[in-house]
Amino acid sequence: MRRVWPLTARGTGAVVLAIAGFIVANEAGLVELMYYGILLLAVVAASVASLYVGRRTDVVTRSLVPDVASVGSESKVSVRVEVRTALPTAPGTWRDALPQGLRGKAEGPFPALGSGLRGGERGGVRSILLAYTLTGARRGVHSIGPLTVRTSDPFGLAGRTVVFGQRTPVTVAPAVVDLPPLIDYAGATGGLLHTTTDQLGQGADNLVARPYASGDSMRRIHWRATAHRDELMVRQEEQESTPEATVVLDRAALRWSADALRAPGADAGFEAGVSACVSAVARLVHDGYAVEVLDSEGTVLADRIDGGDMTAVDAMLVQFATVTAHRDDALPRLPRLFAGVSTGPVVVIVGRLDPADAVAVGPVSHHSTLPLLLAAAPIGEALDIAADHGWHVASIGPDRDLGVAWGNAIGRGVHHVFG
């Protein structure tokens, strides 16, 4: 905000003294006081002129490291201000305006500037580098700026506030929580992940049978090996392909809140769900799964990510910076998305989950080697009912440790066998 009155308290006092000198000089006939008043006004005028004469339009550019912020994480902001002034200026202060979605101390001292008439780099243009640290507070796209610089003359009689209108958009991605790896729970994943890397590049001639593990599909029973070993044995030919996983984020507003419809970051519960979604994707991709990310309607929320491609995970985080809830409720129709499909882990993140919802999504667990259901607001015995249908369940939310909830989910429940 620009200040209309350019004088400081000291400068205003000098003007008052000059006017008082004129009055007293006129009443008492003291010519010296008249000269004193004129001198004060001349000094004040010179101070104002030193701030406003010879200034050129300044340019502000900002850069962030990393260039995409995330909720709860810090980013370094560098602000480069290009200034040209004909007269030297005294030190001042600066402040960069931060929106509610970002936190930080974006202010500090602004250095004194020498005269541009002396030449210097690029025809007298001075490049001032300012820096501060900000923390992502709310998911979304927010704008930093404008930058405000307040300077004064060497006598401190006048001040100038310059507002640089350039704004810089900053993307704040959801927080990614480091979740326990599935590789430590190989039985729950159907024996796919922990051997995929060992089998990579091997041909069909290298396939072997191995003992049946809880969670393996009955369709993979190797009957000849079973008869020979007198115990259930399964084929490993499916380990030649990349193991697949699916993460589903239910976005129905009625299961979160109306605030989740308005803007990213408005509903704390929905933010916990989004964080759980991207964290699950990051964990699965890191563990070698090719992951599809959908909502409960089947809408693709991010392009399919190949196992180990963490660069694609970073790109997904940018896409999830602006995800909001919608009005349609498609959770009861979720089993249709998996009809006739047998896949690896399926992670479903929901808000409110009542017993009827748990029954409705129950059939999905029959199509997954490791069905995980994470609910932010389970009602009554909803999680127990889901567990009875074969889901590994856990309660999540803004006040819960997602890593602990994930660990509890993958380490508990029924390892469902395909029927």
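- Side-chain N or O atoms of E292 include none that pairs as donor or acceptor with a backbone N or O of T246 at under 3.5 Å.
- A distance of 8.0 Å separates CG of L64 from OG of S78, quoted to the nearest 0.5 Å.
- Side-chain contact check for P174 versus V71: every heavy-atom pair is 4.5 Å or farther apart.
- Each ring pair (Phe, Tyr, Trp, His ring centres under 6.0 Å) pair with one or both residues in residues 343-365, not counting sequence neighbours, would appear here, but there are none.
- Across every non-hydrogen atom of A387 and V393, the tightest pair is N-CG1, 4.0 Å.
- Here the CG-CG distance, from L284 to L179, works out to 8.5 Å after rounding to the nearest 0.5 Å.
- Between the side chain of R251 and the main chain of T324, a donor-acceptor pair closer than 3.5 Å is present.
- By the 4.5 Å heavy-atom criterion applied to side chains, P345 and L372 are not counted as neighbours.
- Sparse packing is recorded around NE2 of H286, with 12 or fewer heavy atoms of other residues, nucleotides or ligands lying under 6.0 Å away.
- The aromatic rings of F270 and W256 lie perpendicular to each other, with more than 60° between the two planes, well past the 30° mark.
- Judged by distance alone, with hydrogens and angles left aside, the side-chain atoms of S365 form no donor-acceptor pair with the main-chain N or O of P371 at under 3.5 Å.
- Scanning all heavy atoms of the two residues, the minimum distance from A175 to S279 falls at O-OG, 3.8 Å.
- Counting only N and O atoms by type, the side chains of S143 and R167 include no donor and acceptor under 3.5 Å apart.
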What do the steps show when you test V77 against T168 for side-chain contact (heavy atoms from CB on, under 4.5 Å), and what is the final call?
CA-CA 11 Å; V77 183; T168 302; over 6 Å; no
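- Note that CG of D178 is 6.0 Å distant from CZ of R283, once rounded to the nearest 0.5 Å.
- With a 6.0 Å radius and a threshold of 12 heavy atoms from other residues, nucleotides or ligands, E381 has its CD atom at or below the threshold.
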Would you please test F320 and V293 for side-chain contact (heavy atoms from CB on, under 4.5 Å) and show each step?
CA-CA 11 Å; F320 268 79; V293 191; 3.7 Å; yes
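- Residues Y289 and P243 are in side-chain contact: their nearest non-hydrogen atoms beyond the backbone lie under 4.5 Å apart.
- The heavy-atom pair separating A330 from E297 by the smallest distance is CB-CG, 3.2 Å.
- Ion pair E244/R304 flagged as a salt bridge, since at least one NZ, NE, NH1 or NH2 atom sits closer than 4.0 Å to an Asp/Glu carboxylate oxygen.
- L98 is listed as a side-chain neighbour of I144, based on a closest heavy-atom distance under 4.5 Å.
- Note: D250 CG to L334 CG = 8.0 Å, rounded to the nearest 0.5 Å.
- Residue A386 comes nearest to A358 through the heavy atom pair N-CB, 3.9 Å, listed as atom of the first residue, atom of the second, then distance.
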Can you list the steps and then say if L182 with W406 is a side-chain contact (heavy atoms from CB on, under 4.5 Å)?
CA-CA 10 Å; L182 293 182; W406 175 270; 4.0 Å; yes
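- A distance of 9.0 Å separates CD1 in I385 from CG in D354, rounded to the nearest 0.5 Å.
- Looking at every heavy atom in both residues, A321 comes nearest to A173 through CB-CA, 4.2 Å.
- Remark: side-chain polar atoms of W391 are paired, donor with acceptor, to backbone N or O of V361 under 3.5 angstrom.
- R255 places no side-chain N or O within 3.5 Å of a backbone atom of D329 that could act as its donor or acceptor partner.
- In this structure, H367 contributes its side chain and F338 its backbone to a donor-acceptor pair below 3.5 Å.
- Here the closest non-hydrogen pair linking A360 and P335 is O-CG, 3.2 Å.
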Output, in order, the C-alpha distance, side-chain angles, deciding distance and verdict of side-chain contact (heavy atoms from CB on, under 4.5 Å) for T299 and L294.
CA-CA 5 Å; T299 302; L294 314 170; over 6 Å; no
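- With hydrogens and angles disregarded, no donor-acceptor distance shorter than 3.5 Å links the side chain of R327 to the backbone of A253.
- Between V83 and V149 there is no side-chain heavy-atom pair separated by less than 4.5 Å.
- By the neighbour-count criterion of 12 heavy atoms within 6.0 Å, atom CD of Q100 is sparsely surrounded, having that number or fewer from other residues, nucleotides or ligands.
- No option in V172, V281, T171, V176 other than V176 meets the side-chain contact (heavy atoms from CB on, under 4.5 Å) test with L317.
- Taking 4.5 Å as the limit, every side-chain heavy atom of Q319 sits out of range of all side-chain heavy atoms of L301.
- Looking at S395 and R400, their side chains come closer than 4.5 Å, going by heavy atoms from C-beta outward.
- No donor-acceptor pair closer than 3.5 Å links the side chain of R80 to the backbone N or O of S63.
- In this structure, S368 contributes its side chain and V346 its backbone to a donor-acceptor pair below 3.5 Å.
- Once rounded to the nearest 0.5 Å, the distance linking CG of D295 with CD1 of I349 reads 11.5 Å.
- A heavy-atom distance below 4.5 Å is found between the side chains of R62 and L147.
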